[in-house]
Amino acid sequence: MQRAIEAVQTFRPAVCAPLPPFKLDVSREMKLLTDLNFVRAPDAPVIDTQRTYAYDHIFLSWRLPQDSAPAWHYTVEFRKTDPKHKGLKLWQRQEEIWALSTVLEAPDTDSVYVLRVKGYNKAGYGEYSEDIYLHTPPAQVLNFFLDSSCGFPRDRLVVSKDRRAVRSVPGVPMLFAAERLMTSCHVSMELVLGDVAITQGRYYWECSVDPSSYVLKVGVGQESKLQELFQMPQDVASPRYDPDSGHDSGAEDAALDMSPAFAFLTIGMGKILQPHGSPPNSRDPTGCTIPLPPRLGVYLDYEKGRVGFYDAVSHRSLWEGSVDCSGPVCPAFCFIGGGALQLQELVSIKHERKVTIGGFTKSE
């Protein structure tokens with residue numbers, strides 16, 4: 001073994017001819033590698049802000065970017081923000097969502113939730129979407145329908161079959177009223193009420209007003225007082241209507257220390273007429289009107305006798321006032337001329353209809 005080791009250490013090749021240059025052709029292998037279609041994780045989803053909103057539940061909708069890899073399912077994460085505490089709450093999850101939307105049930109009222117979504121496929125989870133913040137209503141959402149039996153003229157007010165939309169067709173009576181506009185301020189007014197009677201608690205509801213509506217009033221009031229006001233002959237102006245006040249409150253014939261029997265927010269031609277005492281708006285030099293938002297919110301606190309109107313998209317307060325809640329109060333809508341209104345549908349699909357809200361609930 002010693003001689004073998006010494007022989008290896010002293011070994012010298014007998015021929016020192018250089019090796020010829022050697023090239024390896026890997027073009028075929030490179031083409032195969034280039035043509036491989038590796039699975040990519042989904043891109044970050046894009047939340048559809050036009051369809052996403054918070055009402056009785058939170059409805060979240062999204063889509064994938066055009067060039068994104070497909071997703072098998074999605075995970076939604078959400079948490080409630082708490083401005084009183086600096087520490088963030090833990091994320092809650094809804095996993096394996098196979099559609100492009102989901103519903104988060106029973107959120108807390110008057111709260112802000114932050115939500116995000118990500119997709120999953122064979123390659124794993126993709127990136128999160130951008131966070132979206134949603135403000136829930138200030139009180140329990142009121143579910144009601146338009147009362148088709150309150151005695152309105154059916155030749156001028158048309159209620160949809162599901163009783164969630166109403167359209168005003170002024171027709172000939174408005175033409176006769178217009179003929180007298182040079183000598184008086186007579187107008188034709190039509191009233192439609194909600195089929196609920198609120199006797200206690202705090203409630204919130206939303207509606208959408210057609211921007212082309214001539215004049216439309218959205219508000220609340222005591223049913224008996226409203227019926228008394230609108231049972232007068234047609235084409236007679238309401239003594240409570242002040243075109244400069246921005247709201248029809250009925251306070252002109254009541255004592256100063258008494259709340260009005262009803263309160264309305266006046267809308268017309270895509271604008272909201274600001275009531276007296278509202279902060280001026282920079283968009284309107286006169287400070288009298290603000291643009292009509294896509295959805296209006298109405299908030300009623302029965303015990304305090306307060307009603308508030310909101311931009312339901314931004315949750316900005318439009319006006320707040322008092323209303324007499326000594327008796328049952330119901331949602332009310334007043335049409336002057338042509339117009340249309342749609343009640344906001346609940347996120348949840350409910351088949352039970354509540355008729356009276358108070359000490360007990362009657363269902364149909």
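For this chain, numbers begin at 1 and follow the sequence in order.
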Undergrad: In the hydrophobic clustering that connects Ile, Leu, Val, Met, Phe, Trp and Tyr at side-chain heavy-atom distances below 4.5 Å, which members other than Leu64 occupy its cluster, ordered by chain and number?
TA: Ile47, Ile58, Leu60, Trp62, Tyr74, Val76, Phe78, Ile97, Leu100, Leu104, Tyr113, Leu115, Val117, Ile132, Leu134

Undergrad: Closest approach of Thr52 and Ser61, non-hydrogen atoms and distance?
TA: OG1-N, 3.0 Å

Undergrad: Go through the structure and list residues passing ring-ring contact (aromatic ring centres under 6.0 Å, His included) with Tyr128, not counting sequence neighbours.
TA: none

Undergrad: Flag the pair Lys217 / Phe333 as yes when at least one side-chain heavy-atom distance between them is below 4.5 Å, and no otherwise.
TA: no

Undergrad: Would the distance check show the side chain of Ser168 and the main-chain N or O of Gly337 forming a donor-acceptor pair, the cut-off being under 3.5 Å?
TA: yes

Undergrad: Nearest 0.5 Å please: distance from the OG atom of Ser129 over to the CG atom of Asp43.
TA: 12.5 Å

Undergrad: Can you pull the salt bridge (charged side-chain N to carboxylate O under 4.0 Å, His left out) pairs that have at least one residue in residues 97-119, sequence neighbours excluded?
TA: Glu77-Arg116, Lys80-Asp108

Undergrad: So, taking the atom named CD in Gln274 and the one named CG in Leu265, what distance separates them when rounded to the nearest 0.5 Å?
TA: 9.5 Å

Undergrad: Is any side-chain heavy atom of Val166 closer than 4.5 Å to one of Phe335?
TA: yes

Undergrad: Mind checking whether Val159 and Leu216 sit in one hydrophobic cluster, side chains of I, L, V, M, F, W, Y counted as touching below 4.5 Å?
TA: yes

Undergrad: Taking all non-hydrogen atoms of both residues into account, name the closest pair between Ala41 and Ala123 and its distance.
TA: N-CB, 3.6 Å

Undergrad: Locate the shortest heavy-atom distance separating Pro293 from Ile272; write the atom from each residue and the value.
TA: CD-CD1, 3.6 Å

Undergrad: With sequence neighbours left out, write down each residue that passes side-chain hydrogen bond (donor to acceptor under 3.5 Å, both in side chains) with Arg63, or none if nothing qualifies.
TA: none

Undergrad: With sequence neighbours excluded, what pairs up with Ala69 under the side-chain contact (heavy atoms from CB on, under 4.5 Å) test?
TA: Arg40, Asn121

Undergrad: Going by heavy atoms in the side chains, are Leu292 and Ile267 under 4.5 Å from each other?
TA: yes

Undergrad: Are the side chains of Gln92 and Arg79 in touch, meaning some heavy atoms are under 4.5 Å apart?
TA: no

Undergrad: List in chain and number order the residues that pass side-chain contact (heavy atoms from CB on, under 4.5 Å) with Ala312, two or more places apart in sequence or in another chain; answer none if no residue qualifies.
TA: Tyr204, Glu206, Arg295

Undergrad: Can you find a side-chain donor-acceptor pair between Thr102 and Gln94 that sits under 3.5 Å?
TA: yes

Undergrad: Would you find more than 12 non-hydrogen atoms of other residues, nucleotides or ligands less than 6.0 Å from Glu303 atom CD?
TA: yes

Undergrad: Grouping I, L, V, M, F, W and Y whenever their side-chain heavy atoms are under 4.5 Å apart, do Val114 and Tyr55 come out in a common cluster?
TA: no

Undergrad: Do Phe59 and Val141 sit in one hydrophobic cluster, given that two such residues count as connected whenever their side-chain heavy atoms are within less than 4.5 Å of each other, even indirectly?
TA: yes

Undergrad: Supply the atom-to-atom distance Lys271 NZ to Thr266 OG1, rounded to the nearest 0.5 angstrom.
TA: 15.5 Å

Undergrad: Tell me whether Asp25 contacts the main-chain N or O of Ser27 through its side chain, where contact means a donor paired with an acceptor under 3.5 Å.
TA: yes

Undergrad: Which salt bridge (charged side-chain N to carboxylate O under 4.0 Å, His left out) pairs, counting each pair once, include a residue from residues 132-144, with sequence neighbours left out?
TA: none

Undergrad: Is there side-chain contact between Leu341 and Val218, with at least one heavy-atom pair below 4.5 Å?
TA: yes

Undergrad: Please tell me whether Leu296 and Val347 are part of a single hydrophobic cluster in this structure, the criterion being side-chain heavy atoms less than 4.5 Å apart.
TA: yes

Undergrad: Kindly give the heavy-atom pair with the smallest separation between Arg202 and Pro138, and that separation in Å.
TA: NH1-O, 3.2 Å

Undergrad: According to salt bridge (charged side-chain N to carboxylate O under 4.0 Å, His left out), does anything in residues 27-36 pair up with another residue at least two apart or in another chain? List the pairs.
TA: Lys31-Asp35

Undergrad: Can you list everything that forms a salt bridge (Lys or Arg N to Asp or Glu O under 4.0 Å) with Glu320? Sequence neighbours excluded, please.
TA: Arg306

Undergrad: With rounding to the nearest 0.5 Å, note down the distance linking CD in Glu190 to CG in Leu157.
TA: 5.0 Å

Undergrad: Please report the closest heavy-atom contact between Pro42 and Gly124, naming both atoms and the distance.
TA: CD-O, 3.8 Å

Undergrad: Between Glu223 and Leu193, is any pair of side-chain heavy atoms under 4.5 Å apart?
TA: yes

Undergrad: Output the distance between atom OH (Tyr302) and atom OG1 (Thr199), rounded to the nearest 0.5 Å.
TA: 6.0 Å

Undergrad: Do Phe262 and Asp324 have side chains that get closer than 4.5 Å, going by heavy atoms?
TA: no

Undergrad: Under 3.5 Å, is there a donor on one side chain and an acceptor on the other for Ser314 and Asp311?
TA: yes

Undergrad: Using side-chain contact (heavy atoms from CB on, under 4.5 Å) as the criterion, list what pairs up with Lys122, not counting sequence neighbours.
TA: Val39, Trp72

Undergrad: Ignoring hydrogens and angles, tell me if any N or O in the side chain of Thr109 forms a donor-acceptor pair with the backbone of Pro137 under 3.5 Å.
TA: no

Undergrad: With side chains defined as the heavy atoms from C-beta onward, is the minimum distance between Leu300 and Trp205 less than 4.5 Å?
TA: yes

Undergrad: Atom CZ in Arg167, atom OG in Ser160: separation rounded to 0.5 Å?
TA: 10.5 Å

Undergrad: Just jot down the side-chain contact (heavy atoms from CB on, under 4.5 Å) partners of Glu96, sequence neighbours excluded, or say none.
TA: His73, Trp98

Undergrad: Residues two or more places apart in sequence or in another chain: which of them pass ring-ring contact (aromatic ring centres under 6.0 Å, His included) with Phe309?
TA: Trp319

